[in-house]
Amino acid sequence: MNLALTQIGLLLAKDLRIEARTRQTLGLVIVLGLLIVVVLGLGLGPEQLGKGGVATATLWVAYLFGGVLVFEKTMAVERQDGALASLLLAPVDRTVIYLAKLLANLALIGVLALVVTPAAVILLGFDLSAAPLGFVGIMGLGMLGFAAVGTLFAAAVSSTRLQGGLLAMVIFPICLPLVITSTQLTQALFRENQPIGQGIALLVAIDLIYLAVSWIVFELVLEP
Amino acid sequence: MSRTLIRLYWLLTAALFAGGIAMLIAWTPTEVTMGPVQKIFYIHLPAAICTFFACLLTFIASIGYLLQRQRRWDDLASASASVAVVLASVVLITGIIWGKSAWGQWWTWSPRLTFSLILWLLYVVYLLIRPSIAGSQRRAVVSAVYGVIAFLDVPLVYLSVRLMPDIHPSSIQLAPAMQWTLAYWFLPVTMLAVGLVVAQYRLQRRATLHSAAHLSDYTATGAAPAGIV
Amino acid sequence: MSLFAATPDFALPVDAAAASGPAVQATDLAKEIDDRLILRGLNFSIPRGQSVALLGPNGAGKSTLLHLLATLTAPTAGQLTLLGQPVKRSDASLRRRIGMIGHQPMLYRDLTALENLLFFGRLYGVKNVAARAAMLLEQVRLADRANDAVKAFSRGMVQRLAIARALMHDPELILADEPFSGLDIPSIQQLQLLLGSLDAAGKTLIVTNHNIEQSLELCRRVMVLRQGNIVLDQAARGTPVALVMHEVTRT
């Protein structure tokens with residue numbers, strides 16, 4: 001157990017160090033997210049802005065596109081120069097590799113969320129004062145499920161050949177339950193007297209299922 | 001499987017369809033509120049059930065591939081996925097037509113229609129990604145992983161769309177004659193679905209075995225096993 | 001030049017019982033990929049400390065065999081025993097004793113040479129990781145570039161670092177998949193020297209290669225694989241290049 005934790009730490013530190021050194025992905029993804037917010041802010045009239053649904057949907061679009069780029073990058077790091085082979089050669093449990101990648105992906109899209117969410121809230125006039133923590137919690141749970149499945153598919157899809165858009169095409173439909181549930185939940189959250197227990201339970205269930213399945217299947221994806 | 005048997009099978013299926021249509025025109029009572037268009041329901045529901053089973057078959061075949069790594073599982077998965085898309089298209093289109101005649105709109109984001117749409121999307125993507133992936137082994141692995149998760153997604157989609165507001169809840173009371181019609185229509189639709197899966201599967205197998213035979217004629221470059229590259 | 005004297009500081013604990021017997025024992029080893037039989041019932045044994053050149057045309061199954069020996073993939077049929085341990089699906093302890101160099105560097109190009117070695121060393125649980133990394137960098141003559149990112153290295157330098165990476169955990173069995181590809185003559189000579197000293201240090205070495213003459217010089221035993229079968233298996237010394245060439249190229 002100790003060994004697994006140490007190895008996760010090592011792998012995570014390695015990924016974050018590489019990202020810190022190249023700094024391309026995070027910058028790209030944050031700017032992309034901001035652009036999405038701006039375009040939607042410009043495109044939608046004042047009557048539509050300010051409604052909870054718009055901000056949530058905009059954020060999801062930003063996370064989905066940004067997230068896919070992040071997942072592709074963290075996996076591309078391994079595929080470049082065959083580094084993944086050296087990881088597989090090492091006495092490292094495959095689930096350790098999965099968890100480390102998941103944590104790295106979460107860290108990076110976490111940073112994305114930290115920048116883009118306030119921007120969306122401000123630019124799109126979304127009033128969070130009624131339940132700010134609830135909103136953050138719901139979006140956080142959504143992103144967790146997204147990263148769980150995204151890490152798996154990034155590993156499955158990545159190869160040395162460029163296949164632009166493939167990962168996005170695969171992840172988007174799969175993540176629709178997350179999008180629907182979190183969007184409905186945020187709307188319910190900001191309306192008075194709407195029960196959200198069922199929605200939260202569903203969101204948690206989705207996360208658990210995505211995590212469990214990705215965890216188990218990841219090993220099969222890495223080995224021929 | 002002899003050609004005669006296959007021909008008989010399809011003749012029977014066609015006959016059942018013809019019989020079903022005759023039944024709809026002459027025998028089945030028309031539903032009061034919706035009129036004749038409602039009869040599209042008799043195709044809609046059996047198709048929906050068959051779609052589910054086609055998706056389930058893809059799921060099972062995908063797991064089969066991931067565990068055994070034999071191409072026939074991949075061929076079965078893609079065969080049933082393509083049939084799932086065909087059936088899901090039928091479900092979607094009949095659902096839209098029904099919606100238009102019942103509520104006057106071509107599209108509403110009601111739970112049922114949204115569910116049909118997402119299901120359709122999920123399996124269309126399955127078919128779309130395959131040509132984009134080079135290397136039959138990589139393609140099989142990615143499709144299998146997707147096939148597993150897409151199916152697990154189905155109940156999740158079902159539950160999440162139920163959170164959406166349902167402006168047009170619909171419950172249909174079925175008179176006995178209508179129930180019989182519905183039961184009857186399961187026959188041709190299921191036969192069509194099964195027949196398509198089998199036919200598609202055999203096509204895929206032939207293609208796979210043909211390309212495998214070709215490869216061993218050449219000294220192919222020893223590509224590294226997919227997990228490493 | 002002794003690269004690999006395993007001092008107690010660096011040595012990883014080794015099961016005494018597993019320290020005897022051949023390095024590699026293959027019985028009816030077969031591998032099927034995508035419904036194609038790549039390796040067909042191979043039978044061979046490689047004693048510890050032997051250096052083997054694995055030759056053959058493209059598509060013969062050399063890389064597949066090496067991946068099997070690295071436990072990166074499992075055989076479809078047959079038995080494989082490595083260093084006294086039978087190979088089971090994901091056997092971490094066995095991987096500690098195997099090192100591999102491929103024609104891809106298997107390094108992280110955005111990290112420095114030293115960071116790469118420290119990372120892999122720690123992953124393998126090597127003790128005194130920093131000292132060992134420094135020593136290996138010295139041996140492969142990259143000590144002055146220790147803090148440079150790998151992406152700035154030439155191909156020859158990258159391969160030398162790859163060897164250092166493969167040796168961080170002092171493996172007993174070393175696999176090299178076409179390590180000379182893409183290298184210029186001086187780098188090839190350096191690499192030959194390094195691999196030769198592995199032989200002297202008692203490590204078991206299996207190298208795939210396309211250059212027959214080079215292989216016969218470097219290794220003590222030569223095996224030729226063609227269409228998944230071993231068609232030649234004998235001592236390198238005394239085997240004429242022409243014979244090997246014939247076995248590799250005949251259809």
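Every chain is numbered from 1 and lettered A, B, ... according to where its sequence line falls, protein lines coming before strand lines.
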| query | Closest approach of A/Ile138 and A/Ser182, non-hydrogen atoms and distance? | reply |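 That would be CG2-CB, 3.7 Å.
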
Could you check whether any side-chain heavy atom of [X] comes within less than 4.5 Å of a side-chain heavy atom of [Y], counting everything from C-beta outward?
{"X": "A/Phe172", "Y": "A/Val179", "value": "no"}
{"X": "C/Lys62", "Y": "C/His210", "value": "yes"}
{"X": "C/Asp28", "Y": "C/Gln79", "value": "no"}

| Validation row, ring centre C/Phe119 to ring centre C/Tyr108 under 6.0 Å | yes

| said: Taking the six-membered ring for Trp, are A/Phe146 and A/Tyr210 closer than 6.0 Å centroid to centroid? | reply: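 Not under 6.0 Å, so no.
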
| task | Tell me, please, which residues at least two apart from C/Arg40 pass salt bridge (Lys or Arg N to Asp or Glu O under 4.0 Å). | result |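 If we apply the salt bridge (Lys or Arg N to Asp or Glu O under 4.0 Å) test to C/Arg40, skipping adjacent residues, there are no hits.
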
| request: Could I get the full list of salt bridge (Lys or Arg N to Asp or Glu O under 4.0 Å) partners for A/Asp81, not counting sequence neighbours? | output: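 Result, salt bridge (Lys or Arg N to Asp or Glu O under 4.0 Å) vs A/Asp81: C/Arg109.
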
| Considering only heavy atoms, which portion of A/Leu11 lies under 4.5 Å from any heavy atom of chain C: side chain, backbone, both, or neither? |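 Contact with chain C is through both the backbone and side chain of A/Leu11.
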
| said: Is it true that, when you exclude C/Arg155 itself, more than 12 heavy atoms of the residues, nucleotides or ligands shown sit nearer than 6.0 Å to its CZ? | reply: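 Yes, because the 6.0 Å sphere around CZ of C/Arg155 holds more than 12 heavy atoms from other groups.
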
| request: Measure the acute angle between the ring planes of C/Tyr124 and C/His169, then classify it against the limits of 30° and 60° as parallel, tilted or perpendicular. | output: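 Ring orientation of C/Tyr124 relative to C/His169: parallel.
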
| query | Angle class for the A/Tyr98/A/Trp215 ring planes (parallel below 30°, perpendicular above 60°, tilted otherwise)? | reply |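 Plane angle between 30° and 60°, so tilted.
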
| Best-contacting candidate, C/Asn116, C/Leu107, C/Val158, against chain A by heavy atom pairs under 4.5 angstrom |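 The residue among C/Asn116, C/Leu107, C/Val158 with the greatest pair count is C/Leu107.
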
| field | When C/Leu123, C/Val150, C/Ile98 are compared by non-hydrogen pairs under 4.5 Å with chain A, the top option | value |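 Most heavy-atom pairs within the cutoff with chain A belong to C/Leu123.
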
| message | Can you tell me which of A/Leu3, A/Leu10, A/Val77, A/Val92 forms the most heavy-atom pairs within a distance under 4.5 Å of chain C? | response |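 Looking at each of A/Leu3, A/Leu10, A/Val77, A/Val92 in turn, A/Leu10 comes out on top.
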
| chain C contact residues among residues 20-29 of chain A, heavy-atom distance under 4.5 Å |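 Contacts with chain C: A/Arg21, A/Thr22.
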
| said: Which residues in residues 109-122 of chain A have any heavy atom closer than 4.5 Å to a heavy atom of chain C? | reply: none

